[in-house]
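Notes follow the structure.
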Amino acid sequence: MAKKKSLAVQALERVGKNWSKASLTREALLQHVKGFARFVEKRFGLEQLENLKPGHVAAYVADMQKQGLSPGTMANRLSAVRQLAAALAKANIVFRTNAEYGINRVRNNPVIADREGIEQIKAALAERAQQGDRVAMMTYAASLLRDAFGLRSKESIMSSWLVMHEGRLYLRIEGAKGGRVRDLEVQTPEQLNAAHQIDAMAKALGSGTGRIIPPEMSLKEAYDAQRSLWRELGGNRHDKTHMHAQRHDCLQRMHKEGKSKREIMDIAGHGQDRSPGAYIPNE
């Protein structure tokens, strides 16, 4: 008789068939999936994953709250539970929003970027890129996308496609959390220039995908190389010159130019449960 599979093994088998292997958050999510499965197995003695019910999820949330875990940690773990539920075609066993479980992530911590410091880093990148440094070529082009569109660092090296909708030009954004794809309209000369730079840099690097990731690198290698080079040139959180500061700065400029907070959150690729205060200072 074959040995009965633990709930954790069953869970990993399910999500392994549904998640993108390119995801940089894959390992953390897998750990969260295993943690949930082990909790349910130990607390309820559940033997078959297909028998998961809303009460199991509610008990897991209650246990996390009892432990005093932060809202951010609980939200991340629930994201993994939703992935598992979706893989089981039982998405309705998990509430759609964290707030329905009493988990509210209040992020009123906008970063006021040091633009002068960031421009110095970009200038150093441009110089290295002109000398043929392939990582610098990628990182410089990505920095233009972050400044122009407010992209995350991973999105900035993965996004490359320009598409047309009803006569309007859009940049297709890939690499977002959860694998969500969105299209952002190219509305300014800065955005158009950044998009053209991506195309030119991808060709210069010999990319067959249109992306600015050098073909000799995997996504993870490119992501790590970009981060390391940016830090080497002085980018850091303490001085507000890290890559994510560019995202904050861009979204803040959009707000000053008249876009509503809801529009900005849509551009940023966030859902309804994320507060604009994460990026926009209180006025």
Side-chain angles (χ1 to χ4, degrees), residues 20 22-24 110-111 113 115 118-119 121-123 125-126 129-130 134-215 217 219 222-223 226 230 243-272 274 276 278-280:
S20 165
S23 174
L24 294 174
V111 174
R115 280 308 320 176
I118 289 172
E119 290 303 324
I121 293 171
K122 288 171 64 180
L125 284 172
Q130 290 175 353
R134 294 171 67 78
V135 173
M137 291 166 69
M138 172 188 70
T139 307
Y140 176 69
S143 75
L144 298 180
L145 283 188
R146 292 193 296 274
D147 273 343
F149 291 93
L151 302 189
R152 301 176 178 92
S153 57
K154 181 182 174 184
E155 293 172 342
S156 67
I157 59 173
M158 289 187 67
S159 304
S160 60
W161 302 107
L162 289 172
V163 295
M164 294 292 294
H165 295 314
E166 299 180 351
R168 294 183 178 181
L169 186 65
Y170 293 79
L171 177 69
R172 178 149 294 169
I173 310 303
E174 299 180 280
K177 296 178 180 179
R180 296 184 298 270
V181 175
R182 66 189 187 281
D183 292 344
L184 296 183
E185 186 176 358
V186 178
Q187 296 181 320
T188 69
E190 180 188 18
Q191 291 175 340
L192 185 60
N193 174 64
H196 286 325
Q197 287 281 350
I198 290 295
D199 182 61
M201 204 64 78
K203 290 176 180 176
L205 288 167
S207 170
T209 64
R211 292 174 178 167
I212 52 172
I213 297 175
M217 286 185 169
L219 170 59
Y223 182 84
Q226 174 185 229
W230 194 268
M243 288 185 287
H244 207 62
Q246 292 180 275
R247 176 170 166 84
H248 283 247
D249 187 63
C250 176
L251 299 177
Q252 290 163 17
R253 282 188 284 113
M254 289 181 180
H255 182 56
K256 290 177 181 178
E257 291 164 2
K259 290 191 182 298
S260 70
K261 291 182 177 180
R262 185 66 264 160
E263 286 178 305
I264 290 168
M265 296 308 284
D266 287 340
I267 290 170
H270 283 298
Q272 297 291 327
R274 183 69 178 270
Y279 300 101
I280 311 301

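Given the structure is predicted, the values throughout are model-derived calculations rather than measurements.
The nearest pair of heavy atoms linking Ser160 to Thr209 is OG-O, 4.1 Å. Considering every non-hydrogen atom in both Pro215 and Gly206, the closest pair reads CG-O, 3.7 Å. Residues Leu151 and Ser159 approach most closely at CD1-OG, 4.2 Å, considering heavy atoms. In plain terms, the two heavy atoms of Ala194 and Leu145 that are nearest each other are CB-CD2, 3.9 Å.
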Trace of the side-chain contact (heavy atoms from CB on, under 4.5 Å) decision for Leu205 with Arg134: CA-CA 7 Å; Leu205 288 167; Arg134 294 171 67 78; 3.8 Å; yes
Audit row: Met137, Ile212, side-chain contact (heavy atoms from CB on, under 4.5 Å) steps and yes/no: CA-CA 8 Å; Met137 291 166 69; Ile212 52 172; over 6 Å; no
Audit row: Arg146, Asp249, salt bridge (Lys or Arg N to Asp or Glu O under 4.0 Å) steps and yes/no: CA-CA 9 Å; Arg146 292 193 296 274; Asp249 187 63; over 6 Å; no
side-chain contact (heavy atoms from CB on, under 4.5 Å) evaluation trace for Phe149 with Leu171: CA-CA 9 Å; Phe149 291 93; Leu171 177 69; 3.8 Å; yes
Step-by-step side-chain contact (heavy atoms from CB on, under 4.5 Å) determination, Ile157 to Met138: CA-CA 7 Å; Ile157 59 173; Met138 172 188 70; 4.1 Å; yes
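Taking NE2 of His255 as the start and CD of Glu257 as the end, the distance is 11.5 Å to the nearest 0.5 Å. Within the model, atoms CG of Leu251 and CD1 of Ile280 stand 6.0 Å from one another, a figure rounded to the nearest 0.5 Å. How far OG of Ser156 is from CE of Met243: 7.0 Å, rounded to the nearest 0.5 Å. Rounding to the nearest 0.5 Å places CD of Glu174 at 11.0 Å from CZ of Arg182. Expressed to the nearest 0.5 Å, how far CH2 of Trp161 lies from CZ of Arg211 amounts to 8.5 Å. Rounding to the nearest 0.5 Å places CG of Leu184 at 8.5 Å from CD of Glu155.
Side chain of Ser143 to main chain of Lys122: no donor-acceptor pair is present (N/O by atom type, distance under 3.5 Å, no hydrogens or angles). Under the 3.5 Å distance criterion, the side-chain polar atoms of Gln252 are matched with a main-chain donor or acceptor of Val111. The backbone N or O of Gly150 sits less than 3.5 Å from a side-chain atom of Arg247, completing a donor-acceptor pair. Between the side chain of Ser207 and the backbone N or O of Lys203, no donor-acceptor pair lies under 3.5 Å. At least one donor-acceptor pair under 3.5 Å links the side chain of Gln191 to the backbone N or O of Ala148.
Within 6.0 Å of the CZ atom in Arg253, the count of heavy atoms belonging to other residues, nucleotides or ligands exceeds 12.
A salt bridge links Asp147 and Arg115; the closest N-O separation between the charged side-chain nitrogens and carboxylate oxygens is under 4.0 Å.
Looking at heavy atoms from C-beta onward, Ile267 lies in side-chain contact with Lys259 at the 4.5 angstrom threshold. Under the 4.5 Å side-chain criterion, counting only non-hydrogen atoms from C-beta, Gln226 is not in contact with Val135.
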